[in-house]
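Notes follow the structure.
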Amino acid sequence: MNTSPHRVVVVGGGFAGLQTVRALRRAPVEVTLVDRRNFHLFQPLLYQAATGALAAPEIASPLRGLLKRQRNARVVLAEVVGFDVDRRRVLLDNGAAIAYDSLVVAGGAGHDYFGHDEWRHIAPGLKTLEDAMEIRRRILSAFEAAELETDPARRRAWLTFVVVGGGPTGVELAGQIAEIANDTLPRDFRSIDPRSARILLVEANERLLGTFPERLSARTARALERLGVMPMLDRLVVGVGPDAVDVQSDGIPGRIPARTVVWAAGVRASGLAAALARSSGGAVDRAGRLVVGPELTVAGRTEVLALGDMVAVHDA
């Protein structure tokens, strides 16, 4: 008779994965949490780290510290590269594999550049702590470059900040950049006035926060304008270069000279969704999300579950 505890492997230490592990703290199981980062990131405040309002340790907590009192849980620092669901194994980047009896995958999601991945290095997204630190560096470096620039047109480009995407992340980030320009930096420079910076929030749809009620969208636009942010609605980004952003509205092209661009448009599921679909015979949708049933099971396999931003729940 097999008396070994039931082995549960949880992939991903974000909100969904971490809460799954904590929910099993009193269950008679052995839990292994696998993540490529050794910390849990509080993503809703990531934009504040990107603009210097918060330090990295304020939004990142070590996974081992969070779970040190949960005796049935352990943390493995590794990157998952695939799955072998027939043999019930999780494949790691170091060539090792972790066996499981039940598997929970919560790999999250990243930004979607809609087929233009070449824009990624010019317009970073905001999904990781590394992204936040890079965006902070670019914002502060732009003000420094403007301080030294003598040509008015080039200085104006350095003082123009374009945030692409009018969802919650784009709205929060644009507002925070405006607060830096208006409240934090005005007395720090001699040749420029940071309050003259232009913060443009470019959105392809006709309103901000498209998934929210129209009344809230209108209120948000007014609040941003009071902060000094200019919403640019119904404008599709068709090109991103090192010194300009090309947009199109009703077929009419336009160009925005800008040296700092941040991407907050579109979401695409983690590559783990496709990897799990290939191994299990499941399917993914157009956004790369893994299709799961109402009980979050994958391709009818009761021992494999997926949840969080990487899944699309059908027949819920």
Side-chain angles (χ1 to χ4, degrees), residues 43-54 59 110-114 119-120 122-128 131-143 145-146 156-186 192-237 240 243-247 249 254-267:
Q43 281 197 346
L45 292 180
L46 195 57
Y47 75 98
Q48 294 207 18
T51 52
L54 291 176
I59 62 168
H111 284 298
D112 188 359
Y113 286 82
F114 306 109
W119 297 348
R120 189 182 302 272
I122 302 173
L126 185 58
K127 283 294 184 181
T128 69
D131 291 339
M133 295 302 101
E134 175 61 17
I135 290 171
R136 179 195 293 187
R137 184 193 68 78
R138 293 190 185 201
I139 291 171
L140 297 178
S141 295
F143 285 105
R156 185 172 176 81
W158 278 116
L159 289 176
T160 299
F161 300 86
V162 176
V163 179
V164 182
T169 298
V171 166
E172 292 167 338
L173 191 55
Q176 197 70 26
I177 295 173
E179 289 191 5
I180 290 176
N182 295 325
D183 301 331
T184 307
L185 298 180
I192 62 169
D193 181 358
R195 291 170 295 190
S196 67
R198 294 196 309 157
I199 298 94
L200 310 179
L201 181 56
V202 180
E203 168 57 43
N205 295 313
E206 295 180 349
R207 62 186 179 96
L208 303 175
L209 302 177
T211 59
F212 290 77
E214 290 190 23
R215 177 172 52 86
L216 184 57
S217 297
R219 184 185 302 173
T220 299
R222 291 193 298 268
L224 287 172
E225 288 169 354
R226 285 194 297 269
L227 285 172
V229 177
M230 181 188 299
M232 300 183 68
L233 306 178
D234 196 24
R235 286 176 172 84
L236 179 66
V237 172
V240 178
D243 54 7
V245 177
D246 293 316
V247 297
S249 179
R255 168 162 284 207
I256 305 170
R259 300 298 297 266
T260 307
V261 185
V262 181
W263 193 266
V267 175

Could you tell me whether the side chain of W263 and the main chain of D112 form a donor-acceptor pair under 3.5 Å?
-> yes
Salt bridge flag under 4.0 Å for residues R255 and D246 = yes
With side-chain contact (heavy atoms from CB on, under 4.5 Å) as the test, would you mind laying out the steps for L200 and I256 before giving the verdict?
-> CA-CA 9 Å; L200 310 179; I256 305 170; 3.5 Å; yes
Nearest-0.5 Å distance that lies between atom CZ in R137 and atom OG1 in T260 = 9.5 Å
Only pairs at least two apart or in different chains count here, so list each side-chain hydrogen bond (donor to acceptor under 3.5 Å, both in side chains) that has a residue in residues 203-219.
-> E203-N205, R207-S217
So how far is it from T169 OG1 to L46 CG, rounded to the nearest 0.5 Å?
-> 8.5 Å
Say whether, by atom type as modelled, one donor and one acceptor occur between the side chain of T51 and the main chain of I177 under 3.5 angstrom.
-> no
Expected output: side-chain H111 to main-chain A264 donor-acceptor under 3.5 Å = no
Looking at I139 and A50, what are the two nearest heavy atoms and their distance?
-> CD1-O, 4.1 Å
Point-to-point distance, once rounded to the nearest 0.5 Å, from CZ of R195 to CG of D183 = 9.5 Å
For the atom pair CZ (R136) and CD (Q48), what is the distance rounded to the nearest 0.5 Å?
-> 11.0 Å
List the steps and the verdict of side-chain contact (heavy atoms from CB on, under 4.5 Å) for L201 and I199.
-> CA-CA 7 Å; L201 181 56; I199 298 94; over 6 Å; no
CG of D193 to CG of N182: how many Å apart, nearest 0.5 Å?
-> 9.0 Å
Answer yes or no: is there a side-chain heavy-atom contact under 4.5 Å between V237 and V247?
-> yes
Is there a donor-acceptor pair closer than 3.5 Å between any side-chain N or O of R235 and the backbone N or O of L233?
-> yes
Correct closest heavy-atom pair for A197 and A181 would be CB-CB, 4.2 Å
Least distance between heavy atoms, G125 atom then Y113 atom = N-OH, 3.2 Å
Hey, could you give me the CG/CD1 distance between L126 and I135, rounded to the nearest 0.5 Å?
-> 4.5 Å
Can we say R222 and E225 salt-bridge, meaning some charged N sits less than 4.0 Å from an Asp/Glu carboxylate O?
-> no
Is the backbone of I122 close enough, under 3.5 Å, to the side chain of R138 for a donor and an acceptor to pair up by distance?
-> yes
F143 and L159: CA distance, side-chain angles, deciding distance, side-chain contact (heavy atoms from CB on, under 4.5 Å) verdict | CA-CA 7 Å; F143 285 105; L159 289 176; 3.7 Å; yes
Give a yes or no on whether the backbone of G175 and the side-chain of Y47 come within a donor-acceptor separation of less than 3.5 Å.
-> no
Is there a side-chain contact between P168 and L209, using heavy atoms and a 4.5 Å cut-off?
-> yes
Pairwise side-chain contact, E179 with L227, heavy-atom cut-off 4.5 Å (strictly under) = yes
Sub-4.5 Å side-chain heavy-atom contact between V229 and V163 | no
CE (M133) with more than 12 external heavy atoms under 6.0 Å = yes
If you look at every heavy atom in I59 and A49, which pair is closest and at what distance?
-> CD1-CB, 3.6 Å
Side-chain touch W119/V261, heavy atoms, less than 4.5 angstrom = no
